[in-house]
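Report on the structure given below.
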Amino acid sequence: MPSHHPRAAFGRRSLLTAGAGAAFALALAAPPAAALAGAGPFGRFGSPAARLTERTLYVHPGGLGDHTTVQAAVNAADGPGRTLVLAPGTYRETVAVSPARTAMTWVGASENPRDVVIVYDNAAGTARPDGGTYGTTGSATTTVQADGFTAQWITFANDFLRTDLPGNPGTQAVALKVQGDRSAFFHCRFLGHQDTLYTDSMELATVARQYFAHCYVEGDVDFVFGRARAVFEHCHFRTLLRPDLAGAPYGFVFAPSTARANQYGLLAVRCRVTGEAPDGFYKLARPWVPGSDPSAWPSLVVRDSVLGPGIDATAPYANMRDAHPWQAQRFAEYRNTGPGASIDVPQNRPQLTVSQAESATRDRYLADWRPVPACS
């Protein structure tokens, strides 16, 4: 994604304090005694000595599990349908889930996403050890390419700060890049600044359905972006301060890059947008038409959501490139409320009709897939 401000910089802050498989679900119905006791770092999810299932792996940064890093556990998870239970801790590493590791589930053992954090600080402009820079895709702390992935109660973060690379325009820093179909996230947090959450697919012609429920996402520039068919329900999007900038706009919440052949792009339902910035300093969205897909036709629907005063109600959309004006994209809203949803200039806020809204639903976007939490 293009950098909004090539020399952006701001003060150091802690991102980390801001704002399943059927077998696993079945095991939860009758957990072993050790799990019921809730003792130990894995709570009710058992332990290496009392596994929920034989396909469950335990991760503990201090050595009390099967592995001390998430990547080591992923590497050891041979075959489909493996479950990783992550003990509370900060896992400072990059993690990649290859396409072969299908139907994998990650669970935060404390059942609080603030306690289990996977974080690193690569950015697009960060130098690679073998030469060159990481680029936006390579900056991701966690990359998930496998289909059928589920995560619950986990924080995915990228704590790169613009001051780490003064003057470098490569300030894109992805917390999570997810490319697999049927990827679901429940009660997770995604922390970063520019390009926090990358909803993608493995191939341009491939439809990747993704679902986010009761999640928290924060950032500044294009911090929810990509070409996936992604549904957000009951999620909280929070915009950040930009002390490096003197005026608006500070950034953009959404930047879809939907392929023209894909009927649906990003959908936010019953969500809320809040922020630390002054009133009207953020745009709701801008379209991303990448060089790899010049025919992209970005799609975004925000409906039944509460938009705080930080969103520019008069002009909530902007162009990323003049050759692809937002008015020519598939942007629409429906029954939003809050100061940032005021329809002061109707031509700047395309609205769905009642009949059109019947197609802007989770079931329509996800088709025959019904995502369910890993556990309750």
Which distance, rounded to the nearest 0.5 Å, do you find between the [atom1] of [X] and the [atom2] of [Y]?
X: Leu57; Y: Leu52; atom1: CG; atom2: CG; value: 11.5 Å
X: Phe149; Y: Thr102; atom1: CZ; atom2: OG1; value: 12.0 Å
X: Ile118; Y: Thr90; atom1: CD1; atom2: OG1; value: 10.5 Å
X: Asn158; Y: Leu191; atom1: CG; atom2: CG; value: 10.0 Å
X: Leu86; Y: Trp153; atom1: CG; atom2: CH2; value: 13.0 Å
X: Asn168; Y: Thr126; atom1: CG; atom2: OG1; value: 7.5 Å

Test item: [X] and [Y] side chains (from C-beta on) under 4.5 Å apart, heavy atoms:
X: Pro113; Y: Ile154; result: no
X: Arg238; Y: Val217; result: no
X: Val85; Y: Thr56; result: yes
X: Phe186; Y: Tyr211; result: yes
X: Phe160; Y: Ser139; result: no
X: Arg286; Y: Val221; result: yes
X: Leu366; Y: Val231; result: yes
X: Asp195; Y: Phe225; result: yes

Contacts of type ring-ring contact (aromatic ring centres under 6.0 Å, His included), residue His234, not counting sequence neighbours: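 Result, ring-ring contact (aromatic ring centres under 6.0 Å, His included) vs His234: His214.
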Go through the structure and list residues passing ring-ring contact (aromatic ring centres under 6.0 Å, His included) with Trp326, not counting sequence neighbours.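 With sequence neighbours excluded, Trp326 shows a ring-ring contact (aromatic ring centres under 6.0 Å, His included) to Tyr317, given in chain and number order.
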Would you say the side-chain atoms of [X] pair up with the backbone N or O of [Y], donor to acceptor, closer than 3.5 Å?
X: Gln179; Y: Gln145; result: no
X: Asn262; Y: Ala259; result: no
X: Arg92; Y: Val117; result: no
X: Thr136; Y: Ala124; result: no
X: Asn319; Y: Arg321; result: no
X: His67; Y: Thr69; result: no
X: Thr141; Y: Ala157; result: yes

Run the side chain to side chain contact (heavy atoms under 4.5 Å, CB included) test against [X] and tell me which residues pass, sequence neighbours left out.
X: Arg303; value: Leu267, Val269, Val301, Tyr334, Arg335, Ala357, Ala360, Thr361
X: Pro48; value: Phe42, Arg51, Tyr58, Asp66
X: Ser295; value: Arg260, Asp293
X: Arg182; value: Asp147, Arg209, Trp369

May I ask you to decide whether Asp181 forms a salt bridge with Arg229, counting only side-chain N to carboxylate O separations under 4.0 Å?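 No, Asp181 and Arg229 are not salt-bridged.
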Kindly say whether the aromatic ring centers of Phe237 and Phe254 come within a distance under 6.0 Å.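 Between Phe254 and Phe237, which both carry aromatic rings, the centre distance is below 6.0 Å.
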[X], [atom1] atom: more than 12 neighbouring heavy atoms under 6.0 Å:
X: Asp130; atom1: CG; answer: yes
X: Tyr120; atom1: OH; answer: no
X: Glu54; atom1: CD; answer: no
X: Gln327; atom1: CD; answer: yes

By side chain to side chain donor-acceptor pair (under 3.5 Å) - contacts of Thr353 (at least two apart):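 Applying side chain to side chain donor-acceptor pair (under 3.5 Å) to Thr353 gives Ser355, Gln356.
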Which of parallel (below 30°), tilted (30 to 60°) and perpendicular (above 60°) describes Tyr250 and Phe281?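 Ring orientation of Tyr250 relative to Phe281: perpendicular.
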Return the orientation label for the Phe156 and Phe185 ring planes: parallel under 30°, perpendicular over 60°, tilted otherwise.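 Because their plane-to-plane angle is over 60°, the rings of Phe156 and Phe185 count as perpendicular.
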Scan side-chain atoms only and decide if [X] and [Y] contain a donor-acceptor pair under the 3.5 Å cut-off.
X: Arg227; Y: Ser257; value: no
X: Arg364; Y: Ser359; value: yes
X: Ser299; Y: Arg330; value: no

All pairs passing salt bridge (charged side-chain N to carboxylate O under 4.0 Å, His left out) where residues 342-359 contributes a residue, at least two apart: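 Those involving residues 342-359 are Glu333-Arg349.
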Restricting to non-hydrogen atoms, name the atom on Met320 and the atom on Ala255 that form the minimum distance, rounded to 0.1 Å.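 Nearest pair, atom of Met320 first, then Ala255: CE-CB, 4.3 Å.
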Between Leu84 and Val70, which heavy-atom pair has the shortest distance, and what is it?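 For Leu84 versus Val70, the nearest heavy atoms are CD2-O, 4.2 Å.
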Between His60 and Thr68, does the side chain to side chain donor-acceptor pair (under 3.5 Å) criterion hold? Intermediate values first, please. CA-CA 5 Å; His60 187 283; Thr68 58; over 6 Å; no
All pairs passing side-chain hydrogen bond (donor to acceptor under 3.5 Å, both in side chains) where residues 305-316 contributes a residue, at least two apart: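 The answer is Lys283-Asp312.
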Find out if a path of hydrophobic residues (ILVMFWY) with successive side-chain heavy-atom gaps under 4.5 Å connects [X] to [Y].
X: Tyr264; Y: Leu352; value: yes
X: Val273; Y: Phe331; value: yes
X: Phe232; Y: Val207; value: no

Does the side chain to side chain donor-acceptor pair (under 3.5 Å) test come out yes or no for Gln194 and Thr171, once each step is laid out? CA-CA 7 Å; Gln194 183 172 352; Thr171 54; 2.6 Å; yes
Under the rule for salt bridge (charged side-chain N to carboxylate O under 4.0 Å, His left out), what residues qualify as partners of [X], not counting sequence neighbours?
X: Arg82; value: Asp78
X: Arg101; value: none
X: Glu93; value: none

Please name the residue in the list Gln152, Arg44, His187 that meets the side-chain hydrogen bond (donor to acceptor under 3.5 Å, both in side chains) test with Glu111.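 When Gln152, Arg44, His187 are each tested with Glu111, the side-chain hydrogen bond (donor to acceptor under 3.5 Å, both in side chains) holds only for Arg44.
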Testing Thr142, Thr143, Thr137 one by one against Lys177 for a side-chain hydrogen bond (donor to acceptor under 3.5 Å, both in side chains), which residue passes?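 Testing each of Thr142, Thr143, Thr137 against Lys177, the sole residue satisfying side-chain hydrogen bond (donor to acceptor under 3.5 Å, both in side chains) is Thr137.
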